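Report on the structure given below.
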Amino acid sequence: MQYRNGRHGERLSVLGYGCMRFTRSGTSIDLEKAEKEILLAFNSGVNYYDTAYIYPGSEVALGEILERNKIRDKVFIATKLPQYMISSSKAVDKYFNEELSRLRTTYVDFYLMHHLTDIAQWQRLKGLGILDWIDRKKASGEIRNIGFSYHGNSDNFLKILEDYDWDFCQIQYNYLDENSQAGVVGLKAAAKKGIPVIIMEPLRGGKLVNLLPEKAKQAIAADKRGWSAAQWGLRWLYNQSEVTVVLSGMNSLEMVQENVKTASDARAGDFTEEDFKLIETVKREIGASEKIGCTGCRYCMPCPKGVDIPGIFRCWNTMYTESKKGGRAQFFQTVALTREPSFASQCIECGKCEKHCPQSLPIREKLKEADRDLRPLYFRIAIAFGRRFMVRKGRKKKTT
Ligand code: SF4
Ligand code: SF4
């Protein structure tokens, strides 16, 4: 196993265990199976275990496995505050204490504000006194590192990053998301500040393995080194020295073995020109099934009316390269729940964006099409509820 540095000298295994995909048996986690997988990972050098309050049964299972095998003090536990469920400072303590109890521990090594998509959510938490709370927990040693996991756009990521002296952050990042979500811009900005970056969705929830177009699979199979699609995705990440830990939601011994091998072999800066070409081929083949050739470059931004043009197009493409449900879910997370609404329906057709688009895309026309596809009536209703719940009061603008 290879290790990269945490902010306070921790040696973090480059492969982290994502504990949200344990195999289930009926409604509960198959604890015996999960234990075998975790122990294989632990004995192979994996020391970073990521869970969250809202992953059903995950904190409890992890706590039990670590305690039973007496390895709690030999690993780093990362878990998350469900910030979207918090409406008072008392609630922060309630959730945190419950998490300690579930995990059978007295401290959390890496604690994250879960699922921020917008600076406004962080500001709301500050309004509830989270900064004092963090200071107290760090002083008492109950929290060793404080960070946030993120799913919004790169602009908001940079704002959150700059707003506090974070110890680490967690972003969705893979070769398809190089220019979306926090993206490579966010990765580099965090690394420049000396903040470890934990990567989630390194294989886009399996899309970069199971849902690759046939021609992309053929390109991978034709390469003489015989790396699997998963290895290509992970190696692309390890090639970047700014990446600290790559989380993988492993739920088989074979998966643990293969990922451990990749994490032991792959070095930063290893990729050759041919390797990058192969990744480009795979991306091109995925792109062939997309609705619009938006590269996510963001030259069209900012839109004077706040429309998240690349964000909307990315989700629209996801509807056709992955699934309609997947694209809409992504839209819900990354576009619909920002504090300031950023829907295509806000476009006034000024045309400014089209003047800057290097792909010469008919943005205005395509935004209308994308909006119709992404937001059928029932989904608009769901979004309205979601905004009421996640984007707390104080919003003045119209959202549709
Ligand atoms: S045409 Fe629409 S999307 Fe483009 S910049 Fe103007 S308002 Fe924004
Ligand atoms: S400028 Fe064009 S290609 Fe770039 S993000 Fe905007 S719409 Fe996409």
Side-chain angles (χ1 to χ4, degrees), residues 117-120 150-159 171-189 201 204 207 276 279-322 326-328 330-375 379-380 383 387 395-400:
T117 56
D118 193 305
I119 179 79
Y150 187 75
H151 280 288
N153 61 32
S154 59
D155 294 344
N156 268 305
F157 176 81
L158 296 177
K159 285 181 196 162
I171 61 172
Q172 171 170 327
Y173 189 59
N174 52 63
Y175 61 73
L176 267 197
D177 283 318
E178 191 172 6
N179 294 307
S180 60
Q181 300 230 357
V184 65
V185 174
L187 172 75
K188 287 192 186 285
E201 300 289 1
R204 266 280 190 101
K207 173 190 161 107
F276 284 115
I279 292 287
E280 283 312 313
T281 304
V282 172
K283 284 167 79 169
R284 206 170 41 247
E285 292 304 332
I286 295 172
S289 51
E290 288 179 341
K291 283 298 270 188
I292 184 164
C294 170
T295 60
C297 68
R298 303 185 72 78
Y299 287 130
C300 53
M301 298 291 280
C303 156
K305 289 292 161 191
V307 179
D308 182 356
I309 304 166
I312 290 165
F313 287 157
R314 186 186 63 251
C315 301
W316 194 30
N317 278 333
T318 303
M319 284 179 68
Y320 291 87
T321 55
E322 292 177 34
R328 288 193 183 122
Q330 198 180 84
F331 180 81
F332 191 72
Q333 284 188 341
T334 62
V335 178
L337 294 185
T338 52
R339 180 153 184 117
E340 293 305 327
S342 49
F343 298 107
S345 52
Q346 291 160 225
C347 173
I348 53 163
E349 306 205 22
C350 68
K352 175 182 163 277
C353 51
E354 290 179 14
K355 290 190 190 123
H356 299 284
C357 178
Q359 312 300 324
S360 305
L361 298 174
I363 296 175
R364 290 171 282 189
E365 178 196 321
K366 291 294 172 187
L367 276 176
K368 284 185 203 156
E369 216 180 302
D371 196 45
R372 277 196 298 273
D373 228 2
L374 279 163
R375 293 197 303 160
F379 198 52
R380 282 176 191 231
I383 289 170
R387 288 187 62 80
R395 178 169 50 84
K396 300 248 182 340
K397 292 191 177 180
K398 217 168 155 238
T399 58
T400 55

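None of these values were measured; they are calculated from a predicted model. Atoms within a ligand are numbered from 1 in the order they appear, just like the ligands themselves.
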Close-contact set for ligand 1 against L367 heavy atoms, below 4.0 Å: 3 (S)
Sub-4.0 Å atoms of ligand 1 with respect to non-hydrogen atoms of R364: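 That gives atoms 1 (S) of ligand 1.
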Residues in side chain to side chain contact (heavy atoms under 4.5 Å, CB included) contact with E365, at least two apart in sequence or another chain: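 P362.
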Protein contact to atom 1 (S) of ligand 1 [nearest heavy atom, distance to 0.1 Å]: G351 N, 3.1 Å
Plane angle bin for Y320 and W316 - parallel if under 30°, tilted between 30 and 60°, otherwise perpendicular: perpendicular
R375 to F343, cation-pi by 6.0 Å centre distance and 45° axis angle: yes
Cut-off under 2.8 Å, centre atom 8 (Fe) of ligand 1, protein N/O/S atoms: C303 SG
Minimum heavy-atom distance between G326 and T318, given as atom pair plus value: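 Distance-wise, the nearest heavy atoms are C-CG2, 4.1 Å.
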Distance-only side-chain donor-acceptor flag, D118 / Y150, under 3.5 Å: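 Per modelled atom types, D118 and Y150 side chains form no pair under 3.5 Å.
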R339 side chain to T117 side chain, donor-acceptor N/O pair below 3.5 angstrom: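 Result is no, nothing qualifies.
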Under-4.0 Å salt bridge between R372 and E369: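 Result for this pair is no, no salt bridge flagged.
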